[in-house]
Amino acid sequence: MLRIGEGYDVHQLVVGRPLILGGVKISYSHGLAGHSDADVLIHSICDALFGAAALGDIGTHFPPDDMIYKDISSLKLLNQTCQILESSGFRPVNVDSTLVMELPRVADFIYGMRRNIARELKLDLTCVSVKATTTEKLGFHGRGEGIAARAVALITEV
């Protein structure tokens with residue numbers, strides 16, 4: 001049996017935090033605000049995976065007020081998400097994701113993001129897609145106030 005899930009996440013850009021997307025640290029004047037490392041891409045993928053298995057969302061499993069998750073790498077959360085899926089009788093098949101942001105340009109970092117995600121989900125690189133788009137300077141993304149990410153994940157029973 002195949003199941004599909006969808007995830008969406010947004011974080012505000014702020015001064016004084018590192019910018020981490022897909023587990024890759026990107027040199028930029030702003031980073032994402034959040035309890036963990038605020039990796040919006042990984043968070044959307046976790047939500048897509050949890051949704052596909054009808055297991056709630058990232059906040060259910062990794063509460064933002066729990067100090068154990070303070071500044072944690074979202075790649076660790078993705079790995080734990082995969083473990084929770086497996087213990088529920090599922091495994092990821094593929095992931096397709098999109099970053100929505102005006103700046104910085106991330107084309108040079110996408111391969112590293114894909115590699116990190118594939119490693120944590122125990123998937124072949126060809127099963128992980130990461131794309132980036134702008135909003136043509138419209139909305140909070142276009143004004144540089146934040147970054148959003150969307151993800152779709154396909155899972156199967158083990």
Chemist: Is a side-chain donor or acceptor of T156 paired with a backbone partner of M1 at a separation under 3.5 angstrom?
Modeler: yes

Chemist: Between the main-chain N or O of M101 and the side-chain N or O of H141, is there a donor-acceptor pair closer than 3.5 Å?
Modeler: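 No, H141 side chain to M101 backbone: no donor-acceptor pair under 3.5 Å.
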
Chemist: Could you give the side-chain donor-acceptor pairs of residues 25-32 under 3.5 Å, partners two or more places apart or in another chain?
Modeler:
none

Chemist: Keeping the roles fixed (side chain from D39, backbone from G23), state whether a donor-acceptor pair exists under 3.5 Å.
Modeler: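 Yes: the side chain of D39 pairs with the backbone of G23.
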
Chemist: Nearest 0.5 Å please: distance from the CG atom of L78 over to the CG atom of L49.
Modeler: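 Reported to 0.5 Å precision, the distance equals 6.5 Å.
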
Chemist: Could you tell me whether the side chain of T134 reaches within less than 4.5 Å of the side chain of R105, counting heavy atoms only?
Modeler: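 Yes, close enough: below the 4.5 Å cut-off.
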
Chemist: Hey, quick one: are V24 and I45 part of the same hydrophobic cluster, counting side-chain heavy atoms closer than 4.5 Å, chains of contacts allowed?
Modeler: yes

Chemist: Do I42 and V10 sit in one hydrophobic cluster, given that two such residues count as connected whenever their side-chain heavy atoms are within less than 4.5 Å of each other, even indirectly?
Modeler: no

Chemist: Do V93 and F50 belong to the same hydrophobic cluster, where Ile, Leu, Val, Met, Phe, Trp and Tyr are linked whenever their side-chain heavy atoms lie under 4.5 Å apart, directly or via other members?
Modeler: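 No, V93 and F50 fall in different hydrophobic clusters.
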
Chemist: For C46 versus T81, what's the shortest heavy-atom pair and its separation?
Modeler: SG-OG1, 3.3 Å

Chemist: Any side-chain to backbone donor/acceptor pair from R114 onto V128? Under 3.5 Å, distance only.
Modeler: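 At least one qualifying donor-acceptor pair exists.
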
Chemist: Would D37 and R17 pass as an ion pair if we require N to O under 4.0 Å?
Modeler: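 Not counted as a salt bridge, because no side-chain N and carboxylate O are separated by less than 4.0 Å.
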
Chemist: Applying side chain to side chain contact (heavy atoms under 4.5 Å, CB included), run through H43 and S74 and close with a yes or a no.
Modeler: CA-CA 7 Å; H43 294 182; S74 293; 2.8 Å; yes

Chemist: Applying ring pair (Phe, Tyr, Trp, His ring centres under 6.0 Å), which residue pairs with at least one partner in residues 63-96 are found, sequence neighbours left out?
Modeler: F62-Y69

Chemist: Does a donor on one side chain and an acceptor on the other come within less than 3.5 Å for T60 and D57?
Modeler: yes

Chemist: Quick one, D65 and H35 - any side-chain contact, counting heavy atoms below 4.5 Å?
Modeler: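 No; the side chains remain at least 4.5 Å from each other.
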
Chemist: Would you say the side chain of Q12 lies within less than 4.5 Å of the side chain of E145, judging by non-hydrogen atoms?
Modeler: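 SC-SC contact between E145 and Q12 ruled out.
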
Chemist: When you measure from the side chain of S97 to the backbone of S129, do you find a donor-acceptor pair of N or O atoms at a distance under 3.5 Å?
Modeler: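 Side chain of S97 to backbone of S129, a donor-acceptor pair under 3.5 Å: yes, one is there.
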
Chemist: Can you tell me how far apart CG (L123) and CZ (R91) are? Round to the nearest 0.5 Å.
Modeler: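 Atom-to-atom, L123:CG and R91:CZ are 8.0 Å apart.
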
Chemist: Does L99 form a side chain to side chain contact (heavy atoms under 4.5 Å, CB included) with M113? I'd like the steps, not just the answer.
Modeler: CA-CA 11 Å; L99 286 162; M113 295 176 200; 4.1 Å; yes

Chemist: Output yes when E86 and K122 qualify as a salt bridge under the 4.0 Å nitrogen-oxygen rule, no when they do not.
Modeler: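 K122 and E86: salt-bridged.
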
Chemist: Identify whether L75 and L85 are in the same connected component of the hydrophobic contact network (ILVMFWY, side-chain heavy atoms under 4.5 Å).
Modeler: yes

Chemist: Would you tell me whether D9 and S44 have side-chain atoms, one donor and one acceptor, within less than 3.5 Å of each other?
Modeler: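 No, S44 and D9 have no side-chain donor paired with an acceptor closer than 3.5 Å.
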
Chemist: Quick one, F109 with V130, criterion side chain to side chain contact (heavy atoms under 4.5 Å, CB included). Give me CA distance, side-chain angles, the key distance, then yes/no.
Modeler: CA-CA 10 Å; F109 303 101; V130 175; over 6 Å; no

Chemist: Check for me, please, whether V152 and L2 land in the same ILVMFWY cluster - side-chain distances under 4.5 Å, paths through other members count.
Modeler: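 Yes, because V152 and L2 connect within a single hydrophobic cluster, where side-chain heavy atoms sit under 4.5 Å apart.
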
Chemist: Given K137 and R143, is the side chain to side chain contact (heavy atoms under 4.5 Å, CB included) satisfied, shown in steps?
Modeler: CA-CA 6 Å; K137 302 194 188 279; R143 292 187 300 272; over 6 Å; no

Chemist: Would you say the side chain of I147 lies within less than 4.5 Å of the side chain of L13, judging by non-hydrogen atoms?
Modeler: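 L13 vs I147: side chains touch.
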
Chemist: With a 3.5 Å cut-off and no angle check, do the side chains of Q83 and N79 form a donor-acceptor pair?
Modeler: yes

Chemist: In Å, rounded to the nearest 0.5 Å, how long is the span from NE2 of H11 to CD1 of I20?
Modeler: 11.5 Å

Chemist: May I ask you to test the L125-Y111 pair for a side-chain heavy-atom distance under 4.5 Å?
Modeler: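 Touching, per the 4.5 Å side-chain cut-off.
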
Chemist: Could you check if a side-chain atom of L55 sits within less than 4.5 angstrom of a side-chain atom of S88, using non-hydrogen atoms only?
Modeler: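 Yes, side chains in contact.
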
Chemist: In Å, rounded to the nearest 0.5 Å, how long is the span from CD of Q80 to NE2 of H61?
Modeler: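 Reported to 0.5 Å precision, the distance equals 11.0 Å.
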
Chemist: So how far is it from L121 CG to C82 SG, rounded to the nearest 0.5 Å?
Modeler: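 Reported to 0.5 Å precision, the distance equals 5.0 Å.
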
Chemist: Please examine the side chains of V106 and L21, heavy atoms only from C-beta on, and report whether any two atoms are closer than 4.5 Å.
Modeler: yes

Chemist: When rounded to the nearest 0.5 angstrom, what is the spacing between CG in L77 and CD1 in I84?
Modeler: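 Rounded to the nearest 0.5 Å, the CG-CD1 separation comes out at 9.5 Å.
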
